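Just so it is clear, the structure is predicted and the values come from calculations on it, not from any experiment. Proteins come first, then strands; the chains are lettered A, B, ... in the order of their sequence lines, and each starts at number 1. Just the heavy atoms: all of them, side chains too, but no hydrogens, waters or symmetry mates, feed the values below.
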Amino acid sequence: MNEMRTPPPNTASLLPRYHSKSSPRRCYSTITASTTNRNLNSWFTNYVDKTNVFSWNSVIADLARSGDSLEALRAFASMRKLALKPNRSTFPCAIKSCSALLDLLSGKQTHLQALLFGFHSDLFVSSALIDMYAKCRHLTDARKLFDETPQRNVVLWTSMITGYVQNNNGLEALLLFKEFLIQDDRLGEVSVDSVAVVSLLSACARVPQKGLTEAVHGFVIKKGFDGELGVGNTLVDAYAKFGAVGVSKKVFDGMVEKDRVSWNSMIAVFAQNGLAAEALEVFRGMIEESDVKYNSMTLSTVLSACAHLGALRVGKCVHDQVLKMGLEDNVIVGTSIIDMYCKCGRVEMAKKAFDSMKEKNVRSWTALIAGYGMHGLAKEALEVFYNMIRTGVKPNYITFVSVLAACSHAGLLEEGWHWFNAMSNQFNLDPGLEHYGCIVDLLGRAGRLSEAYDLVMKMKIRPDFVIWGSLLAACRIHKNVELGEISAWKLFDLDPTNCGYYVLLSNIYAEAGRWKDAERMRILMKSRGLVKPPGFSLVELKGRVHTFLVGDQEHPQHQKIYEYLEELSAKLLEVGYVPNMASVLHDVDEEEKEITLRVHSEKLAVAFGIMNSVPGATIQVIKNLRVCSDCHTVIKFISRIVNREIVVRDSKRFHHFKDGSCSCGDYW
DNA sequence: TCCTCCCTCA
């Protein structure tokens, strides 16, 4: 977009040709409605009296409003070069543009100029400055200005309160709001407005205090602000921040008027809370039942819902829409597209989308690295990472999570170690739980259990269930009872409702021939009333997502699917498949055995996919848990028997099954 | 004509 812009109107060719006598504002607004900034600037250059401060104000304001902050600042600079004296309306827009660009330097310069022209106590100017300093993370400067302004209006208060919220200091924001109320009280005024209330509610969403949002909601109703659009929008978000997604939906449904923010908020709430199907449903509602047009924010949220669901077809449609709307140069949208293709199993499409991006930020690079990593393509992931560094983009915490995860998925211990050390030595980043988790995983799988354990003991942060979980899993592979016990008992404390650890430890005992201990774990697990979370798998067919549960009897085609699986299993035995039920057969009681033997969702989903697609088509399945080892073996055989590529995304990574083998190399 | 809020990506 930048190269499309006209140069600022301070060049020789842009000298005024015509001095308008009529009100520039009136002409101006009729033109802006249908013109781009490019036309707008040339129009301005040709027809507006450039010695008129009011005209300049209009131009700066309009550019700032349309989001073209850079151009607004250029216009401001041009105006200053003409030695025109800015008035009190000039500064707020200029400052707002600095704040939108997070350009602290220009912000400070503009601040100085405002002082120079004597606007130090102007509320409009001060509010804009407080906002600018807060957005640029200079909260103390913002607060200083706030404190130095004796006559405060609601906008000034709101700017400061919002400043705290934006800097993640919800508590301070709440306290300041309280002060605001006290001031109102003292002056016998009611100046609190709906915008102030919106800031208050967004502060609530950042304070982990139970019942706070409800209480403030009550206050909002009492004050009569509950019908306000912005208030409703914020409530949708605030309730969801505490997991009360149902309440969010209720607020949303109860809103008489809904704008783009309302729809976007509701879609985002569902998408961010793992309810991707619901998110897509709301998006459908937005298109079909409202007159509200979606924008880039909507589409990036929808893309992330598609990524979660693995809904490739829907994702592709959204991608098409992005292209149609000319939003492909938007970094956030572009990054969402990369992530969507990666998580829908199409890394090569992700790479294509990545290559075509004009502007890439650290998240775009990280998305692609993570994408290659989850497909087991560690070499490619590292290659992208090196390119990123060469390009001069600074990797962050998450980038290193992606790099190390890529190494971990491919078993690249040496590279993993190197980058784990480099992150603190060269990049000044402290390793967090995720990074330790990857290294523990790498060491553990390589059989270097005592090193892994030493690392865990030396960690500066308290190891969590993921860390001990990797260690426990490694103990199972390498048959280490002692360390397995230590890890498992940590896990019983850290993640008490997860029964997987009991099963793992029980299996470790069983494999060591310690049947009594194995039995003891089973009993303990039972006495604590723990059950496995139900596994389910998703398959997208003709744009619809089908869900399968373990031992599913609900799906309309379930009978046919079971018949087909019967057919397949006969063929499987012919080609040499031996059912792997080692862990099932050991020492479970009958009832449990039956449960375990219920057909896993991934098998159902794969069968369904094959039955309903043309020969040769790739089957793609998404599972909420990790693929079990028996299913993994079976699917390998199936890929050979039916001569299909089968892609399974489980909770940890992708498996590409082809010709009887899997891309993970049985290492996952 | 000017200021403050709510929704997006790894």
Check the pair Q113(A) / R80(A) against side chain to side chain donor-acceptor pair (under 3.5 Å), numbers first and verdict last.
-> CA-CA 10 Å; Q113(A) 294 195 46; R80(A) 297 285 304 114; 2.5 Å; yes
Return the value, rounded to whole Å, for the distance between atom CD of E328(A) and atom P of dT8(B).
-> 22 Å
Rounded to whole angstrom units, what separation is found between the CD1 atom of I332(A) and the P atom of dC7(B)?
-> 13 Å
The nucleotide from dC3(B), dA10(B), dT8(B) with an atom nearest the side chain of C93(A) is dC3(B)
Does the side chain of K360(A) get closer than 4.0 angstrom to OP1 or OP2 of dC9(B) through an N or O atom?
-> no
Would you indicate what N396(A) reaches in the nucleic acid, counting non-hydrogen atoms under 4.0 angstrom: base, sugar-phosphate, or nothing?
-> base
Nearest-angstrom distance from the residue atom CG of L299(A) to P of dT8(B) | 14 Å
For S191(A), which residues count as a side chain to side chain donor-acceptor pair (under 3.5 Å) partner, sequence neighbours excluded?
-> D184(A)
Residues in side chain to side chain donor-acceptor pair (under 3.5 Å) contact with H319(A), at least two apart in sequence or another chain = Y341(A)
Measure from CD1 on I161(A) to C1' on dC6(B) and round the result to the nearest Å.
-> 15 Å
Could I get the full list of side chain to side chain donor-acceptor pair (under 3.5 Å) partners for S408(A), not counting sequence neighbours?
-> D441(A)
Below 3.5 Å, can you tabulate the donor-acceptor pairs from side chains in residues 154-161 of chain A to any protein atom, sequence neighbours excluded?
from, atom 1, to, atom 2, distance (Å)
W157(A), NE1, Q183(A), OE1, 3.3
T158(A), OG1, V154(A), O, 2.6
S159(A), OG, V155(A), O, 2.7

Does K135(A) put a side-chain nitrogen or oxygen below 4.0 Å from OP1 or OP2 of dC3(B)?
-> no
Scan D131(A) against the nucleic acid and name what it touches under 4.0 Å (heavy atoms): base, sugar-phosphate only, or nothing.
-> sugar-phosphate
Within this structure, what is the CG-to-P distance between D122(A) and dT4(B), rounded to whole angstrom?
-> 13 Å
Pairs satisfying salt bridge (charged side-chain N to carboxylate O under 4.0 Å, His left out), at least one member in residues 277-297 of chain A, at least two apart = E281(A)-R284(A), R284(A)-E288(A), R284(A)-E289(A)
Where the side chain of N57(A) is defined as all heavy atoms beyond and including C-beta, which of dT1(B), dC6(B), dC2(B) is the nearest nucleotide?
-> dT1(B)
Between Y397(A) and F427(A), does the ring centre distance come in under 6.0 Å?
-> no
What nucleotide, of dC3(B), dC7(B), dA10(B), holds the atom closest to the side chain of V261(A)?
-> dC7(B)
Any pair counted as salt bridge (charged side-chain N to carboxylate O under 4.0 Å, His left out), so long as it reaches residues 193-205 of chain A, sequence neighbours left out = none
Considering only heavy atoms, which members of residues 263-274 of chain A lie under 4.0 Å from some atom of DNA chain B?
-> N264(A), S265(A), A268(A), Q272(A)
Looking at residues at least two apart in the chain, or sitting in another chain, which of them share a side-chain contact (heavy atoms from CB on, under 4.5 Å) with F219(A)?
-> F177(A), L181(A), L200(A), K223(A)
Describe the nucleic acid contact of E228(A) in one word from base, sugar-phosphate, nothing, applying a heavy-atom distance below 4.0 Å.
-> nothing
Write down the distance between CG (D329(A)) and P (dT8(B)), rounded to a whole number of angstrom.
-> 22 Å
Return the residues of residues 142-160 of chain A meeting this criterion: a heavy atom under 4.0 Å from some atom of DNA chain B. Order them by number, or give none.
-> V155(A), T158(A), S159(A)
Any idea which of dC7(B), dC5(B), dC2(B) is nearest the M297(A) side chain?
-> dC7(B)
Scan Y294(A), W263(A), F270(A) and name whichever one has a ring pair (Phe, Tyr, Trp, His ring centres under 6.0 Å) with F283(A).
-> Y294(A)
Checking all strands, does S127(A) fall into the base, sugar-phosphate, or nothing category for heavy-atom contacts under 4.0 angstrom?
-> base
When rounded to whole Å, the CZ to P distance for the pair R260(A) and dC7(B) reads 15 Å
Measure from the side chain of A128(A), starting at C-beta and using heavy atoms only, and say which of dC9(B), dC5(B), dC3(B) lies closest.
-> dC3(B)
Using distance only, find each side-chain donor-acceptor pair of residues 297-306 of chain A under 3.5 Å and give its atom names and separation, not counting sequence neighbours.
from, atom 1, to, atom 2, distance (Å)
T298(A), OG1, N264(A), OD1, 2.6
T298(A), OG1, N295(A), N, 3.0
T298(A), OG1, N295(A), O, 3.4
T298(A), OG1, N295(A), OD1, 2.8
S300(A), OG, S296(A), O, 3.0
S300(A), OG, M297(A), O, 3.2
T301(A), OG1, M297(A), O, 2.8
S304(A), OG, T301(A), O, 3.0

Between dC6(B), dC9(B), dT1(B), which one does the side chain of T234(A) approach most closely?
-> dC6(B)
With sequence neighbours excluded, give me every salt bridge (charged side-chain N to carboxylate O under 4.0 Å, His left out) pair touching residues 387-400 of chain A.
-> E383(A)-R390(A)
When you measure from every atom of DNA chain B, which of residues 235-258 of chain A have a heavy atom less than 4.0 Å away?
-> D237(A)
At under 4.0 Å between heavy atoms, what does T162(A) touch on the DNA or RNA strands: base, sugar-phosphate, or nothing?
-> sugar-phosphate
Looking at W56(A) versus F76(A), is the centre-to-centre ring distance below 6.0 Å?
-> no
Tell me: OH of Y164(A) to C1' of dT4(B), nearest whole Å?
-> 16 Å
